[in-house]
Structures are given as C-alpha cells and as structure tokens.
Amino acid sequence: MAESPITSRAQDFATWYQDVVLQGDMAEPAEIVKGCMVIKANGYAVWELLQRELDDRFKATGHQNYYFPMLIPQSFLHKEAEHVEGFSPELAVVTMAGGKQLEEPYVLRPTSETIIGHFFAKWIKSWRDLPMLLNQWANIIRWELRTRMFLRTTEFLWQEGHTAHSNHDEAVQEVLRMLDVYADVAENVMAMPVIKGLKTQSEKFAGALQSYSIEAMMQNGFALQAGTSHDLGQNFGKAFDVQFQNKEGQLEYVWQTSWGVSTRLIGGLIMSHSDDKGLVLPPKLAPVKAVMVPIYRKDEEKEKVLEAAHRIAKDVGAKVDDREGQSPGAKFFHWERRGVPVVLELGPRDLAAGNAVVKRRDTGTKEPMPQADLASKLPVLLGDMQKAMYDAAKQRLKANTVLANSIEEVESVLKDVTAEKGGGKFVMAHLKDDARCDARMKEFKATIRCIPLVDEYDGPGKCIVTGERVDRRVVIAKAY
RNA sequence: CGGGACGUGGCUCAGCCUGGUAGAGCACUCGCUUGGGGUGCGAGGGGUCGGCAGUUCAAAUCUGCCCGUCCCGACCA
C-alpha cells in the first residue's frame with residue numbers, strides 16, 4: 001500500500017490544504033511569479049461552474065456585464081481619501097511603458113470603483129439613467145505579503161458588481177439583495193453555510209459607509225470571508241462628480257454599491273468539504289459528476305466490459321476511464337483525489353448480475369445498483385449528496401459555535417487556535433462596533449467577523465469590552 | 001516586510017557537517033505479467049544540484065548576494 005500523498009487534517013491543516021489543491025489538480029504555485037498561481041483544468045472548471053451560477057443570478061437581477069481597463073491612472077486612487085489609504089500598500093504600479101517613463105503611472109487594478117466612478121460620471125446625467133446596474137468579470141492585482149493558493153494570491157479572478165442609484169434606500173436594498181445572492185450560491189450551490197452580517201467600521205471596505213459579508217467556517221474552525229457587498233454611499237459619487245438631475249431638476253450625487261466574490265470561494269469550497277483522501281466537490285460544482293471504472297481480467301472480459309461500460313456511461317452521463325495499463329485501484333485513487341462525486345465500478349461480476357457498483361465520494365459508501373436504474377437514480381443520488389454535504393457543514397458550524405459572556409471566555413476559547421492545529425470556533429459575544437473592541441480581539445489574533453443580520457441568540461446585552469448596551473451578539477473568530 | 005524552515009531527474013528525498021566521477025524510491029518509456037482500492041519482474045531514458053558571484057587545483061557540499069516555496073507575525077478578498 002502506497003503512502004497517501006496527502007497530509008492528514010489532524011496532523012497539519014495548512015499542509016493538508018496545500019496537498020489537496022495539488023493532488024486534486026486544482027492549481028499550483030506559479031513559481032516564477034511571486035505569489036501567483038496557475039489555475040489548472042480541474043480548478044478552472046470549478047470556477048466556470050461557479051461563474052455560471054453567479055452570472056445567471058446577476059442577469060436575473062437586472063445587471064449587465066461590462067469590461068473596464070486593468071490599468072487605472074494613479075491619480076484616480078487618490079480621489080477618495082479612505083480608499084487610497086486602504087489600498088496604497090498593496091498597489092502594483094506601472095511607471096514605464098514603450099521604453100519611456102510614463103507621465104502618469106498606472107496602477108494595476110486592485111478593484112475598480114475609481115475607474116468606474118469616472119465612467120459613471122460620464123454616463124449618468126438624469127434620474128432616467130438610474131439605476132445603473134453593472135458587473136465585471138476581471139482579474140485583480142493586490143501585492144499581498146503572504147499568499148495561499150486560492151485564498152490569497154497576488155493575482156486573482158473575481159467579479160465586481162457596481163451600481164448607481166438615485167437614493168440611499170434603493171442602494172441599501174441592492175447591497176442586501178446581492179448579499180442574498182451570494183448566500184444563495186454559497187449555501188445551495190457550494191453547500192457551504194454562511195452567516196450574513198455587517199462588518200465593523202474598522203473591517204469595512206476602504207471608502208464604504210458600510211460593508212456586509214458572508215462568513216463561512218472552514219474545517220479548522222477558521223472563518224473565511226466568502227463575499228462582500230458594500231454600501232458606498234455618495235463617497236465615490238462626490239469624488240468623481242457623479243451627479244444626476246432629479247425629477248425636480250436639481251443636481252444630486254448618486255448612491256453607489258459594489259459587491260464581489262472571487263476565486264477565493266474555491267479555497268472555501270475545498271476547506272469546507274474535502275477530507276484526508278483529497279478533494280470532495282459538491283455535485284453542482286463537479287466538472288465530472290461520475291466516472292466509470294471498468295474492471296476485467298481476460299481479453300474476452302475486457303471486450304464485454306468496455307462495451308457495456310461505454311453504453312451505460314453514455315446513458316447516465318458518466319465518463320469512462322478506459323486508460324490502458326492503469327489498474328482499477330490506481331484509477332479509484334486518481335478520481336477520489338480529484339473530488340469526483342460518484343465512481344461506478346463495472347466488472348464481470350456486475351455484468352452477470354446486471355448491476356454496477358456505485359461509490360459516493362462524500363461518505364465513501366459503496367453499493368450495487370441495477371444498471372437499468374442508474375439513469376434515474378444517479379441524479380437523485382447527486383441531489384442527496386449535495387444536501388448531505390450542506391447538512392454536514394451546517395452541523396459542523398453549529399457544533400463549533402459557542403457563546404461567551406466575558407472577554408476572558410472569548411480569549412480562553414480562541415487563544416491557542418492556529419490554522420495548522422485547528423480547533424477554531426465562532427464565538428458569539430456582545431461587542432460594540434468600536435475600535436476598542438476590534439483592538440481587544442486583535443490581542444489574541446481574532447477579529448469581529450460580522451454583526452449578524454439575523455439574531456439567532458438572546459438579543460441585546462452589555463458589551464464585554466466597553467460595558468455599553470448593544471443589540472446582539474457578534475461573530476468573533478480567527479480568520480483567513 | 002521581520003523571524004524560522006526549505007530549494008538536488010516529473011514527484012518525495014539521501015548526499016552537504018568533514019570539498020574529489022551525482023544517488024535511491026516513486027513516476028515515465030518498452031516487454032511480459034497483473035487487474036473488485038496504488039500488481040509484479042526485467043530492460044531503458046531523463047539532473048548545468050534554484051540563480052549569480054566568490055574561496056579553491058577542485059564546489060551539490062564552504063562564503064556572500066539574489067529568487068522562489070512553506071510556516072509564524074504584522075497587512076489583506
């Protein structure tokens with residue numbers, strides 16, 4: 001028995017994650033480009049499925065896709081004070097082009113609020129032009145000091161929605177509507193339960209009035225901010241002079257929103273479901289849903305088995321692994337590591353019985369099924385798996401969420417938690433949205449992840465740092 | 001960007017301390033064999049030892065600088 005190429009989660013969660021990404025053929029470090037990765041076929045196919053799910057929902061809510069330049073005049077970033085302050089440390093700047101020094105350097109887009117603000121100003125004149133609802137699929141460059149594949153890389157792929165509205169209420173509705181879209185995709189497509197909430201003022205997007213996020217729990221109990229949606233107020237409208245004439249003929253600044261999810265979601269997907277054997281993909285995001293592995297001994301068997309395998313596989317939409325010179329065992333491990341939800345085994349014994357052996361990736365259970373039933377039962381099985389994976393993740397989230405009523409309790413739960421050893425929790429405690437509270441959490445390397453939109457606990461209470469009354473408990477955790 | 005570890009055929013690593021003809025296992029190619037969870041045997045191909053300088057008769061090995069990866073910290077989706 002060969003040794004597993006995958007480090008166990010218990011031994012070292014961070015190395016496990018790395019192993020799963022590599023062995024699952026999702027991505028690998030770009031090595032010649034610092035902090036960047038190559039997203040490989042299996043990883044990119046997952047991204048394409050996610051893109052489709054998201055894009056369909058964006059279109060359904062009235063958004064249209066645009067594409068803006070990746071090069072942004074440096075001065076644009078400076079027009080919004082908080083924005084430039086927030087992003088300056090991670091900007092990559094182009095100072096030379098065509099062999100000459102540029103008059104004004106370009107930054108490689110870290111996000112597009114500024115360049116889109118410029119065009120909004122050009123396009124928006126009247127209340128009739130509003131709301132303007134657009135989205136962009138793009139690559140982003142942020143000079144991160146520490147990178148991890150999918151979770152944080154120098155270059156990554158994302159979508160950024162940008163909208164402009166005639167009043168604040170409508171903008172806020174948009175912010176919450178898109179947060180709901182993200183939560184829907186996370187839970188119903190990725191099978192990854194999330195908590196929707198408001199970011200604290202110190203955690204919000206640079207330049208926003210308010211930021212909302214969905215927060216997911218990884219298997220080591222760390223939080224992952226899986227999507228964000230920002231109420232930009234009139235900050236960018238004022239910075240870029242985006243004004244429209246209202247019905248009364250007066251000039252007003254627009255109210256803007258922006259919202260995004262990135263390839264980071266794939267990291268979240270991996271850390272939500274995968275196990276010590278490798279990648280586990282929810283059926284809805286599996287590029288290959290079922291693989292049939294033919295098993296045979298003699299040439300005569302081989303012919304019969306392969307014929308039946310191709311016929312049945314075609315019928316049920318499975319891929320046949322008919323590679324020569326690979327033993328069935330080797331094939332099982334191969335597809336297992338790549339996260340394929342269902343493996344069908346077909347050998348002489350099954351042919352004789354009219355069955356195929358069905359193995360599901362999430363639970364590892366294996367059972368024979370009549371060939372005639374496969375076409376109808378496989379979709380049902382995939383649906384069951386999708387649900388079971390969500391339920392398991394939800395259960396884990398519940399089991400690892402605890403209440404705390406003092407700063408000492410919070411600290412005792414989180415102080416020894418590390419990304420490698422795991423044991424992380426979501427700690428629910430009453431805390432005020434106040435820099436003092438954020439600072440206190442930082443002392444043991446935790447953060448206020450969000451103030452949940454829905455209070456599932458005991459309502460108002462006294463802030464455990466400031467003693468002031470607050471509405472509800474917030475989510476405290478160590479995070480990626 | 002600070003601290004630590006590391007970089008040797010595609011992969012995992014030995015060799016380095018004590019300088020002297022570059023190794024193993026896996027993978028790959030060919031042949032036979034095998035096939036219900038990584039078959040076995042035999043033959044074969046493949047490496048400017050991360051890069052650049054330096055010390056030396058001689059550098060994978062010693063020294064310096066640089067690049068990259070991983071972990072920890074500060075910054076972040």
Side-chain angles (χ1 to χ4, degrees), chain A residues 1-5 7 12-19 21-23 28-37 85-91 110-111 140-160 182 199 202-206 211 213-216 223-230 258-268 277 293-299 301-302 305 323-337 343-351 353 355-357 359 364 366 368 418-421 442 445 447 479-480:
Chain A
M1 180 72 121
E3 258 182 55
S4 171
T7 306
D12 181 342
F13 192 87
T15 305
W16 166 81
Y17 173 74
Q18 180 89 352
D19 289 345
V21 170
L22 292 171
Q23 295 296 325
E28 65 180 57
E31 84 199 2
I32 44 166
V33 190
K34 184 179 167 64
C36 292
M37 64 176 168
E85 194 191 332
F87 280 102
S88 286
E90 37 189 322
L91 294 179
T111 180
I140 291 295
I141 299 280
R142 292 183 188 171
W143 216 256
E144 301 290 353
L145 299 177
R146 181 177 181 181
T147 57
R148 290 184 169 102
M149 284 190 286
F150 289 115
L151 298 176
R152 177 166 293 107
T153 46
T154 300
E155 180 182 15
F156 59 96
L157 305 180
W158 80 349
Q159 65 59 223
E160 44 182 326
Y182 289 156
K199 284 292 191 184
S202 39
E203 293 278 327
K204 72 176 184 184
F205 176 76
S211 290
S213 71
I214 51 172
E215 301 284 334
L224 182 77
Q225 179 173 306
T228 49
S229 189
H230 313 293
S258 68
W259 27 275
V261 295
S262 71
T263 37
R264 165 178 259 203
L265 286 177
I266 296 173
K277 292 173 183 165
V293 175
I295 296 154
Y296 45 78
R297 242 177 263 259
K298 306 164 208 138
D299 279 357
E301 282 175 352
K302 174 177 171 183
V305 169
R323 287 175 297 163
E324 296 280 350
Q326 292 270 10
S327 69
K331 292 178 181 178
F332 295 148
F333 280 108
H334 176 81
W335 296 110
E336 186 168 71
R337 282 201 294 268
V343 170
L344 302 166
E345 303 177 18
L346 190 74
R349 296 208 295 265
D350 306 299
L351 280 190
N355 287 333
V357 173
K359 173 152 193 196
K366 203 154 119 167
T418 65
E420 304 72 59
K421 288 186 295 180
K442 209 169 182 177
K445 287 152 198 138
T447 44
Y480 277 106

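Quick note: numbers below take in every heavy atom, side chains included, and nothing from hydrogens, waters or symmetry partners. Letters go in sequence order (proteins before strands), and every chain restarts at 1.
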What protein N or O atoms touch nucleotides 31-35 of chain B N or O atoms at under 3.5 angstrom, if any, and at what distances?
{"unit_1": "B/G35", "atom_1": "OP1", "unit_2": "A/Arg297", "atom_2": "NH1", "d": "3.0"}
{"unit_1": "B/G35", "atom_1": "O2'", "unit_2": "A/Tyr296", "atom_2": "O", "d": "3.2"}

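- Using bins of under 30°, 30° to 60° and over 60° for the plane-to-plane angle, the ring pair A/Phe13/A/Trp16 lands in the tilted bin.
- Taking 4.0 Å as the cut-off between side-chain N and carboxylate O, A/Lys34 and A/Glu144 do not count as a salt-bridged pair.
- Taking atom P in both B/G19 and B/A60, the straight-line distance is 14 Å, to the nearest Å.
- Side-chain contact check for A/Ser211 and A/His230: at least one donor-acceptor pair (N or O, by modelled atom type) lies under 3.5 Å.
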Which letters describe nucleotides 65-71 of chain B, given B = protein heavy atom under 4.0 Å from base, S = only from sugar-phosphate, - = neither? ---SSSS

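- Nucleic acid contact class of A/Thr153 (heavy atoms, under 4.0 Å, all strands): base.
- With sequence neighbours excluded, no residue forms a side chain to side chain donor-acceptor pair (under 3.5 Å) with A/Thr154.
- Heavy atoms of A/Ile140 sit nowhere under 4.0 angstrom from any nucleic acid atom.
- Rounded to whole Å, atom P of B/A27 lies 15 Å from atom NE2 of A/His334.
- The salt bridge (Lys or Arg N to Asp or Glu O under 4.0 Å) search around A/Glu301 returns A/Lys298, not counting sequence neighbours.
- Rounded to the nearest Å, the gap between the C1' atom of B/U21 and that of B/A58 is 12 Å.
- In this structure, the CZ atom of A/Phe87 is 12 Å from the C1' atom of B/C75, given to the nearest Å.
- Comparing the P positions of B/G54 and B/U61 gives an interatomic distance of 14 Å, to the nearest angstrom.
- With both ends at atom P, the span from B/A27 to B/G38 equals 13 Å, rounded to whole Å.
- Rounded to whole Å, the C1' atom of B/U8 lies 14 Å from the corresponding atom of B/G51.
- Scored by the side chain to side chain donor-acceptor pair (under 3.5 Å) test, A/Tyr182 finds A/Gln159 as partners (sequence neighbours excluded).
- OP1 or OP2 of B/C75 has at least one side-chain nitrogen or oxygen of A/Lys442 nearer than 4.0 Å.
- As judged by a 4.0 angstrom heavy-atom cut-off over every strand, A/Tyr480 is placed among residues making no nucleic acid contact.
- If you measure from atom CD of A/Gln23 to atom C1' of B/U12, you get 11 Å, rounded to the nearest angstrom.
- Summarising the base pairing, B/C1 is matched to B/G73 through a Watson-Crick or G-U wobble pair whose two defining distances lie under 3.5 Å.
- One distance of note links CD of A/Glu203 with OG1 of A/Thr228; it measures 12.0 Å at 0.5 Å rounding.
- Positionally, the nearest nucleotide of RNA chain B for A/Asp350 lies more toward the 5' end than for the other of A/Phe150 and A/Asp350.
- For A/Glu155, the side chain to side chain donor-acceptor pair (under 3.5 Å) partners at least two apart in sequence or on another chain are A/Asn139.
- When rounded to the nearest whole Å, the span between CD of A/Glu90 and C1' of B/A74 equals 14 Å.
- B/C32 is paired with B/G40 under the Watson-Crick or G-U wobble criterion, all donor-acceptor distances under 3.5 Å.
- For A/Arg337, the side-chain atoms get nearest to B/G38 when compared with the rest of B/G36, B/G38, B/A74.
- When the side chain to side chain donor-acceptor pair (under 3.5 Å) test is applied to A/Thr147, no partner is found at least two apart in sequence or on another chain.
- Residues satisfying the side chain to side chain contact (heavy atoms under 4.5 Å, CB included) test with A/Ser88, not counting sequence neighbours, are A/Val84.
- Across all strands, A/Val293 comes closer than 4.0 Å to no nucleic acid atom at all (heavy-atom distances).
- Taking atom P on both nucleotides, B/G9 is separated from B/A14 by 13 Å, rounded to a whole Å.
- In this entry B/U63 has B/A53 as its Watson-Crick or G-U wobble partner, both defining distances falling under 3.5 Å.
- Taking the side chain to side chain contact (heavy atoms under 4.5 Å, CB included) definition, one finds that A/Val357 meets it with A/Glu345, A/Asp350, A/Lys366, sequence neighbours left out.
- Taking a pair to require two hydrogen-bonding distances under 3.5 Å in either a Watson-Crick or a G-U wobble arrangement, B/G46 remains unpaired.
- B/U33 and B/C41 have their C1' atoms separated by 8 Å, with the value rounded to a whole Å.
- Residue A/Glu144 contributes atom CD, which lies 15 Å from atom C1' of B/G73 at whole-angstrom precision.
- When the nearest nucleotides of RNA chain B are assigned to A/Leu346 and A/Trp158 by heavy-atom distance, the more 5′-ward of the two goes with A/Leu346.
- Of the C1' atoms belonging to B/G36 and B/U29, the separation is 29 Å, rounded to the nearest Å.
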